[in-house]
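Contents: one structure, followed by commentary.
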Amino acid sequence: MTGRGPVGLGAAALVAALLLGGCGTPRSGDLGPAPTAPPPPSVAPTDRPEPTPTRAAAPVPLPTNRPPGPSTPASTGTRRPDPVTIELWYVRAGLLVPTRRIRPATVATSRLALTELAAGPSPAEAATGMITLLPAGVEVTRIVDGVATLRVPPAGDPAARRLREAQVVWTLTQFPSVRQVRLDGAAPVDRADYADLLPPIVVTGPIPGERVSAPLVVTGTATVFEATVSVRVLDAAGREVATGFGTASCGGGCRGGYRVLVGWRTVREQKGTVEVYEVSAENGARINTMAVPVVLAPGG
């Protein structure tokens with residue numbers, strides 16, 4: 001039997017160390033233990049109970065600040081045209097006076113204007129004495145180079161016929177496309193040919209029956225002494241609640257535009273009257289008065 005010396009013991013120890021090396025800390029370059037696959041989902045451990053399935057909630061409409069209204073078709077991206085304001089010239093006491101209408105936009109503005117002119121004044125306008133002398137069915141046949149051509153039915157009275165023509169000319173020439181009007185094949189005419197049929201004071205605003213609030217701007221044209229135009233506002237009882245005056249842009253035998261600002265104090269809405277007049281240079285009396293019935297909104 002062979003005895004073990006120091007050399008034998010050292011070799012044994014070295015072999016033991018090599019065998020035990022795989023169970024120690026991996027050295028640089030070792031891959032370590034092989035990864036293990038995760039458990040299948042069906043057996044995955046969990047510390048929470050499985051949630052109970054619930055039905056999806058219906059979508060909640062977003063809040064809106066607008067009141068509900070009728071359904072409208074989807075927008076096509078086009079904007080609805082603005083309404084058109086048409087000036088109509090009626091007859092009052094044998095002279096021309098203007099009023100206005102607001103109607104849906106149209107490309108046939110001359111036809112619309114003549115139709116409205118023949119339809120006649122509103123009840124509020126008729127109460128001031130306004131009338132129309134134009135019969136229904138009058139239409140413009142063509143507009144070429146700023147001249148509108150049409151035929152106006154004859155009137156028995158020459159003065160009435162001229163007023164009828166003046167209504168047509170002053171109404172049609174408000175449009176940029178019409179500078180003159182050819183009536184019944186005669187030479188073209190314009191507003192200047194009928195300027196003598198205007199009253200000394202013309203009121204373009206407000207119009208009869210309009211609801212007005214303070215401050216109110218009264219507008220129009222006038223040919224009056226020293227170009228001074230006076231305005232007063234009367235309430236439902238005929239009491240004077242406001243006064244004012246202004247100067248036309250032309251005076252001394254010519255016609256000019258004016259703007260007069262007036263205000264009033266009333267505690268309730270009521271009928272009223274806006275009077276535009278000239279103060280007589282002889283005795284200070286109100287002359288050439290144009291009275292416009294209106295509805296006065298409360299003002300203060």
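Keep in mind that the numbers below use all heavy atoms, side chains included, and drop hydrogens, waters and symmetry copies.
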Subject >> Minimum heavy-atom distance Pro188-Gln180, with the two atoms named >> reply: CB-OE1, 3.7 Å
**OP:** Answer whether the closest heavy-atom distance between the side chains of Val168 and Leu134 falls below 4.5 Å.
**Re:** yes
Original post:
If Ile, Leu, Val, Met, Phe, Trp and Tyr residues are connected whenever their side-chain heavy atoms lie under 4.5 Å apart, and connections chain through other members, are Val262 and Val241 in the same group?
Top reply: yes
Original post:
Is it true that Glu269 and Arg211 make a salt bridge, defined as a side-chain N closer than 4.0 Å to a carboxylate O?
Top reply: yes
Original post:
disulfide bond (SG atoms under 2.5 Å apart): which pairs involve residues 87-187, sequence neighbours left out?
Top reply: none
**OP:** Dump the intermediate steps for side chain to side chain donor-acceptor pair (under 3.5 Å) on Thr85 and Arg100, then the final yes or no.
**Re:** CA-CA 7 Å; Thr85 300; Arg100 296 190 305 273; over 6 Å; no
Subject >> Leu150 and Val181, any side-chain heavy atoms less than 4.5 Å apart >> reply: yes
Original post:
Can any side-chain N or O of Arg151 pair as donor or acceptor with the backbone N or O of Val140 at less than 3.5 Å?
Top reply: no
Original post:
Say you draw a straight line from CG of Asp235 to OG1 of Thr266; how long is it, rounded to the nearest 0.5 Å?
Top reply: 8.5 Å
Subject >> Inter-residue atom distance Leu163.CG - Trp89.CH2, 0.5 Å rounding >> reply: 13.0 Å
Subject >> Val267 side chain reached by Pro298 side chain, heavy atoms, under 4.5 Å >> reply: no
Subject >> Separation between OG1 of Thr99 and CD1 of Ile207, rounded to the nearest 0.5 Å >> reply: 4.0 Å
**OP:** Could you pull out the closest heavy-atom pair between Cys250 and Ala227, with the gap in Å?
**Re:** O-CB, 3.8 Å
Original post:
Any idea which heavy atoms bring Tyr90 and Ile131 closest together, and the distance?
Top reply: CB-O, 3.3 Å
**OP:** Check each of Ile201, Val202, Val218, Val274 against Met290 using the side-chain contact (heavy atoms from CB on, under 4.5 Å) test, and report the only one that passes.
**Re:** Ile201
**OP:** Kindly say whether Ala236 contributes a backbone atom to a donor-acceptor pair with the side chain of Gln270 at under 3.5 angstrom?
**Re:** yes
Original post:
Do Val217 and Val260 have side-chain heavy atoms sitting under 4.5 Å apart?
Top reply: no
**OP:** Mind jotting down which residue pairs meet the side-chain hydrogen bond (donor to acceptor under 3.5 Å, both in side chains) criterion with at least one end in residues 106-119? Sequence neighbours excluded, please.
**Re:** Arg103-Glu116
**OP:** Using modelled atom types only, decide if a donor and an acceptor are shared between the side chain of Arg92 and the backbone of Thr128 within a distance under 3.5 Å.
**Re:** yes
Subject >> Separation between CD1 of Ile86 and CZ of Phe175, rounded to the nearest 0.5 Å >> reply: 5.0 Å
**OP:** Hey, could you give me the CZ/OH distance between Phe245 and Tyr258, rounded to the nearest 0.5 Å?
**Re:** 15.0 Å
Original post:
Please, which pairs that meet side-chain hydrogen bond (donor to acceptor under 3.5 Å, both in side chains) have at least one residue in residues 130-149, sequence neighbours excluded?
Top reply: Thr132-Gln167
Original post:
Taking only residues at least two apart or on different chains, which pairs with a member in residues 218-230 satisfy salt bridge (Lys or Arg N to Asp or Glu O under 4.0 Å)?
Top reply: none
**OP:** For Glu87 and Arg101, run salt bridge (Lys or Arg N to Asp or Glu O under 4.0 Å): C-alpha distance rounded to whole Å, both residues' side-chain angles, the deciding distance at 0.1 Å, then the answer.
**Re:** CA-CA 7 Å; Glu87 187 178 80; Arg101 298 283 186 273; over 6 Å; no
Original post:
Would Leu216 and Leu261 count as a side chain to side chain contact (heavy atoms under 4.5 Å, CB included) if you check the C-alpha gap in whole Å, the side-chain angles of each, and the deciding distance to 0.1 Å?
Top reply: CA-CA 6 Å; Leu216 170 66; Leu261 183 69; over 6 Å; no
Original post:
CG of Leu172 to CG of Leu183: how many Å apart, nearest 0.5 Å?
Top reply: 8.5 Å
Original post:
Is there side-chain contact between Pro104 and Pro83, with at least one heavy-atom pair below 4.5 Å?
Top reply: no
**OP:** Give a yes or no answer on whether the side chain of Glu165 reaches the backbone of Arg162 with a donor-acceptor pair at less than 3.5 Å.
**Re:** no
Original post:
Do you know the tightest heavy-atom contact between Pro199 and Leu96?
Top reply: CD-O, 3.1 Å
Subject >> Nearest non-hydrogen partners of Trp264 and Ala214, listed with the distance >> reply: CZ2-N, 3.5 Å
**OP:** Let me see the working for Val292 and Val276 under side chain to side chain contact (heavy atoms under 4.5 Å, CB included), right down to the final yes or no.
**Re:** CA-CA 8 Å; Val292 182; Val276 188; 5.6 Å; no
Subject >> For the student: nearest non-hydrogen atoms of Thr171 and Ala113, plus distance >> reply: CG2-CB, 3.8 Å
**OP:** Any salt bridge (Lys or Arg N to Asp or Glu O under 4.0 Å) involving residues 166-190? Give me the pairs, sequence neighbours left out, ordered by first then second residue.
**Re:** Arg161-Asp184
Original post:
When clusters are formed by joining ILVMFWY residues with side-chain heavy atoms under 4.5 Å apart, either directly or through shared neighbours, do Ile287 and Leu198 land in the same one?
Top reply: no
Original post:
Does Ala159 offer a backbone N or O that forms a donor-acceptor pair with the side chain of Arg164 under 3.5 Å?
Top reply: no
Original post:
Does the pair Thr273 and Val233 meet the rule for a side chain to side chain contact (heavy atoms under 4.5 Å, CB included), with working shown?
Top reply: CA-CA 6 Å; Thr273 306; Val233 180; over 6 Å; no
Original post:
Do the side chains of Leu112 and Val152 join up, straight or via other hydrophobic residues, at under 4.5 Å, putting them in one cluster?
Top reply: yes
Subject >> Pair listing, salt bridge (Lys or Arg N to Asp or Glu O under 4.0 Å) test, anchored in residues 244-254, at least two apart >> reply: none
**OP:** Keeping the roles fixed (side chain from Arg232, backbone from Glu275), state whether a donor-acceptor pair exists under 3.5 Å.
**Re:** no
**OP:** Ignoring hydrogens and angles, tell me if any N or O in the side chain of Arg191 forms a donor-acceptor pair with the backbone of Trp170 under 3.5 Å.
**Re:** yes
